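Taking it in order: structure first as structure tokens, then the write-up.
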Amino acid sequence: MKNLKLSFELISSNIQLQSPNEAIRCTAFDIEQNRFFFASSANFIYSTNLPSSNIEESWGKQSPTPLIEAVDLDADDSITSLEYLMEKEALIIGTSSGVLLLYNVEDNVMEVVGKVEGGVKSLSPSPDGDLLCVITGIGQMLVMTHDWDLLYETSVEDNIEEADLVSGDQCLQSECSPGIPATWRGDGKFFATISSVQNSLQKKLKVWERDTGNLHSVSEPKSSMGEIVEWMPSGAKIATVCDQKIVFFEKNGLERNSFSVGEGIDATIENLKWNCNSDLLAAIVRRETYDALKIWFFSNNHWYLKQEIRHSKQDGVRFMWDPVKPLNLISWTLEGLVKIYNFIWITAVTENSVALVVDGSKVLVTPLSLTLIPPPMYLFELQFPCSVREMAFWSNNSKNCLAASLADGSLSVVELPSVDTWEELEGEVFCAELCITEDLTPFLHLTWLDSHVLFGATLDTSYNTNELSKYCLQELELACSEDHIPGSVACSGFDAKVVNKLAFERMVIGIASNPIKKRSAFVQSNGGNIYEYAGSSLHEHSGLRFSSSCPWMSVAPIEDFGISDPFLIFGLDNNSRLHVNQKAVCNNCSSFSLYSNSTNQVMTHLILVTKQDFLFVVEIQDIVLGQMEAKYGNFVPVVITKKNAEEGKKFIQIWEKGSKILGAVHGDESAVIIQTTRGNLESIYPRKLVLESIVNALVQGRYKDALLMVRRHRIDFNVIVDHGGWQAFLQLAPEFVRQADNLSHITDFVCSLKNENVMEALYKNYISYTNVETGKESSDSKVNSVLLAVRKALEEQIAESPARELCILTTLARSDPPLLEEALERVKLIREMELSDSHDPKRKLFPSAEESLKHLLWLSETEAVYEAALGLYDLNLAAIVALNSQQDPKEFLPFLQELEVLPSLIMRYRIDLKLKRYEKALRHIVAAGDTYFEDCINLMKNNPQLFPLGLQLLTDPIRRRQVCEAWGDHLSHIKCFEDAATTYLCCSSLEKALKAYRSSNNWGGVLTVAGLIKLGKEEIMQLAHDLCEELQTIGKPSEAAKIALDYCGDVKNGITLLITAREWEEALRIALMHRNEDLISDVKIGAGECATIMITEYEEGLEKIGKYLTRYLAVRQRRLLLAAKLQADERSINELDDDTVSEASSSFSGMSAYTTGSRKSSAASMSSSATSKRGLRRQKKRGKIRAGSPDEEMALVDHLKGMSLASGAARELKSLLACLVMIGKEDIARKLQRVGENFQLSQKAAVKLAEDAMACDIVDEHVFVLELYIKKLRNELLQSEEFSWQSKVFVTP
């Protein structure tokens, strides 16, 4: 569905012939230098250069003067054929006398290369230039090489007798005239000719082999077959003319198909040519009053007449396609006027999705918004008096107008009703009449400014042959002189009047109406300059300009984003660059369209297809705000991997190469219509556009439309809830249910709900989600809350019916967790209603119990429904559920029969046990009486969480004590001895309480309970001794000392234990209290020895801190050097695949180098001998720091951090310092504090230095010095809580 538009028409040159009666006879083309050669009837050779590759730049420039060369021939001789040989870089000229001349244009040298008998009728070089086919006037065909060696000679005609051959040069020359040359296949392996059948008016097609000259195939003879033959460059078809038809043959001579030219009996077809892409076929159709250049296009097995350009009969126009530009056509007249026509393909789909396909004088109309009719079919047809050259369509809801500029220069207008009513016009043919115009000039560009105002550009025909052509801009007003029936098609009664005419000196590339200003339009000239037509005047728009000419131009109204103009001008040039106003936004765009989902028809999205067949949907907002490059780059193709999987959601890859966008269906349809190279129509529904349409419908409160779109495009139903937040939807649920009015659709919606925001997860890359729910969410989940709201809305908005009941059951079954018991209660009510055998009319408003149950089983797990039925304690309902769920009766019937004979409470107890509803089971077994107390106790033992509820339910003190004792036994079994002892005390089980306290090493609780039991003094003494030994064994000397002193009276052992526990102040106090010099001496000796050991450990710790820090800095330096080397080798992590990135990043972050540092482990704490040993054990357990390992760097830092002074060590150190002062050893105390302070300061400073070095990319040996860090941090650290163990009197100034 595309139309061929004449983009511009350029007069290349106007050759001044040398004599009045002289006429152009034959032509040749030099592809390399873009030169045209003409041979005239007066034997002159004219040479003219065509414009450069950018034809538009030639506009306004004077044509070069043609070169003229006279060919010296005999008086009765004339040029009959002319071709350019690229290998020779010369012209080959054939004459009526048979002379073959080679004319070197550059050297201006003419030489005779041969002469053939009977005169030269035509010359035809092969595509590769190696061979030349010469057809003579006597029907002979000669094929020779470029060195003029004859390969073979044969007769074109059938069985020519020698007697029939005419001899004599004079006779031959008089009969020879220019003829149709042989046509070669694109690869040069075959060529074809038309030959006459002997003694008949019929002709036939012959296909010859290149190398041997053998006849490959012959077609059936046909009467009225012309001499024209043209082989498609791709080689698929051979076109011929037969009885006003163009007939196509295959290489084997069989006829494939044909089509009628559709002209009168006086028409003749000449000059049949394919373009270089083999998709356009052009011919000259000569009529009695005019000559027409017609161009056909083949698609969907139908030949469309796409363009017709008329010329006067006197011009004798001929043409050829540009050999390398498939949409450029070159024509010339007998008088030497050379024109270049540039065509472009434009979509036949208008902005409101109406397809208007041109087929000669017919316009085939298809409203794509109503139905996607595959071409060549269509909905209805508009018939015009002659072929359509240019069209303009205007739409405004209930009124649509089509203006058509016709090949004869006339104008025709058709008024159509609203698109919604076009289905009634199916198959109709409407014949349009002409408008009355002042002059008859075809419009090159045409657009509507209003429903009754047209604006277009024509070529000014008043120029002289020596002047450049000019454009004329015209504004026309339309008036209707007839009364038309509303809602019908109006094809007549329109009058057109030119109200304004402006001359335009530049080439017009395109015209587009201004959507925001009445009777205004934008005119694009060559070079991309934009002019605005308004108020009958034309002025250049300084703020808008394309960087190059853009034949495809569109103006889009947009929302006001704060820019100067609420519109954008889009342009696509021939180099695939898409321009928006003054900026090129895409360098590889093949086609584009605009889409609107707004109620005020402003465009909201740009849709484009790249040359790599990727379809992008771009928001207009991103274009205006300059966010396109950040989001889409330059629309270059990307390779989707795991790492950039999200990038794949930005585009759609079109499955067929070369597909183009025809247009978009606006609004809720959200369709992008593309056409493949084969001609098939396809609709694409980009997820981004679909979601935008759904959200728009929801915002506007059109819930039914949104629901239908969600179903049609298989979008997650959660969008309906999540777009504005599920809490807001709770208030809108009644309106949603009322509008949907389809219980089947509501059921689908209910079944799709899930506790997830799909706008933030599934669709976050398709549509921007800006909703922020404020306030606290309700305690219920999203699913439960929405289902509850929908259920209430169903009960309020929808009348009772079986379908409504099933929908309500669905909301219960889809809850999280499923409310199966409530659903079964509803089924139970229906069943009771059925069993009542009443004729209540309300019964018809509900489905049967069996149907309801099957619906519930379909929605839920059958086992869950069966258990829910059991949970209702309705055995009959449970049996029905089991039967409908196809369970084996041997499995469930015995169990149900067993329950049926049990007492009610025991039955419920058994059901609760099966369903693991232990709280209900406990309540039921307690209510069953003391007979089942043993079962009650066993239930609580098996489910200990029931003990609190059991104590609450039981009132008998004896039973409560039994429960408490069982609870205590359980707590003891799980080693919760403290809780077990308390529980035993509650039930006065003191022996068990004593045992539990002893197991928990709570000596205070043990001795207290011993007192409650009233044990004897000796028993308590023995118990105290045992506890003291146990505490020593488990490493609690401080508590053991307290028992020894308080209960055993063993002062010596108590002080020894305090010394072991490093409780120096307490040990000294007890010794002094008992005035025992030996004990005092033991405390003094122990304190001195401990101080000496700690001083030694701190000094060793200082040395290890220095070694570890030096080793860390060396490892860090080598790692940075290795990283720099990797970067220098350009091994960037970003260029690697996912697995390599993961491996490289992990090893890179922990990369180390082999070092020469110490590999010994050290203690983590220097607090005391006990603490040091514990720290040493931890270090051994962690393992050594292996040099060169990937985690060496971080392990060294962790090791430095682990050497910090623990809180317990600081407390012991403070106690030791006080004790040393008390016993008079101030010097040792001072030294101990100084060494401990230096160790702690060094450790803190080393950790700070390592952290700073880790954050830097360079390790400066003059900056990262431990002494500098100690000096910098000293004052701050000494005032911190970590140094509170120090004695002020010993602080170093």
Side-chain angles (χ1 to χ4, degrees), residues 6-18 22-71 79 81-93 101-110 123 125 129 271 273 275-276 282 293 315 317-343 459 463-470 506-507 526-527 548-549 574:
L6 178 58
S7 178
F8 58 82
E9 176 183 333
L10 175 66
I11 297 178
S12 173
S13 61
N14 190 4
I15 301 173
Q16 300 298 319
L17 300 181
Q18 299 300 301
E22 187 179 1
I24 300 296
R25 176 170 287 183
C26 46
T27 60
F29 189 73
D30 178 7
I31 297 178
E32 292 182 347
Q33 300 189 31
N34 209 32
R35 289 184 298 182
F36 229 134
F37 298 96
F38 299 92
S40 70
S41 57
N43 297 333
F44 281 97
I45 301 294
Y46 299 90
S47 173
T48 180
N49 285 83
L50 295 181
S52 60
S53 57
N54 190 354
I55 298 177
E56 300 160 18
E57 294 179 356
S58 304
W59 182 266
K61 297 181 180 179
Q62 189 68 34
S63 302
T65 304
L67 300 177
I68 305 172
E69 177 67 21
V71 180
I79 298 174
S81 185
L82 181 69
E83 289 292 341
Y84 185 81
L85 303 179
M86 288 187 293
E87 288 71 14
K88 300 287 186 180
E89 295 184 354
L91 289 170
I92 181 71
I93 304 171
L101 301 173
L102 188 67
Y103 173 52
N104 191 309
V105 181
E106 303 298 333
D107 300 334
N108 196 19
V109 175
M110 185 87 67
L123 298 173
N271 208 193
K273 296 290 182 183
N275 72 337
C276 59
L293 171 60
D315 289 343
V317 65
R318 289 183 174 273
F319 77 95
M320 67 170 289
W321 289 99
D322 192 299
V324 294
K325 299 175 184 176
L327 293 178
N328 276 13
L329 185 142
I330 306 165
S331 74
W332 61 91
T333 66
L334 294 176
E335 297 179 351
L337 182 64
V338 183
K339 289 185 180 181
I340 297 177
Y341 298 95
N342 176 260
F343 299 95
L459 270 176
Y463 60 88
N464 297 322
T465 55
N466 293 327
E467 296 180 353
L468 293 171
S469 56
K470 300 178 181 178
R506 306 194 65 180
M507 179 188 294
N526 55 319
S548 60
S549 299
N574 290 312

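These values consider heavy atoms only, across backbone and side chains, with no hydrogens, waters or symmetry-generated copies. None of these values were measured; they are calculated from a predicted model.
- A search for side chain to side chain contact (heavy atoms under 4.5 Å, CB included) contacts involving Cys26 returns Ala39, Ile79, Leu82, not counting sequence neighbours.
- Under the rule for a side chain to side chain contact (heavy atoms under 4.5 Å, CB included), Glu87 has no partner lying at least two apart in sequence or in another chain.
- Taking both residues in full, the closest heavy atoms of Phe319 and Lys273 are given as CE1-CB, 3.6 Å, listed atom of the first, atom of the second, then distance.
- For Leu17, the side chain to side chain contact (heavy atoms under 4.5 Å, CB included) test picks out Ile15, Glu22, Ile24, Tyr46, with sequence neighbours left out.
- Contacts of Glu106 classified as salt bridge (Lys or Arg N to Asp or Glu O under 4.0 Å), with partners at least two apart in sequence or in another chain: Arg35.
- Ser549 places a side-chain N or O within donor-acceptor distance of the main-chain N or O of Gly527, the cut-off being under 3.5 Å.
- Ser81 is linked by a side chain to side chain donor-acceptor pair (under 3.5 Å) to nothing, counting only residues two or more places apart in sequence or in another chain.
- The side chain to side chain donor-acceptor pair (under 3.5 Å) check on Arg25 picks up Ser78, with sequence neighbours excluded.
- Residues that satisfy the ring pair (Phe, Tyr, Trp, His ring centres under 6.0 Å) test with Phe36, not counting sequence neighbours, are Phe29, Phe38, Trp332.
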Quiz prompt | Candidate pair Val105 and Phe37, rule side-chain contact (heavy atoms from CB on, under 4.5 Å), full reasoning | solution = CA-CA 10 Å; Val105 181; Phe37 298 96; 3.7 Å; yes
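- Listed by chain and residue number, nothing satisfies the side chain to side chain donor-acceptor pair (under 3.5 Å) test with Glu335 (two or more places apart in sequence, or in another chain).
- In this structure, the side chains of Ile31 and Val324 come closer than 4.5 Å at one or more pairs of heavy atoms.
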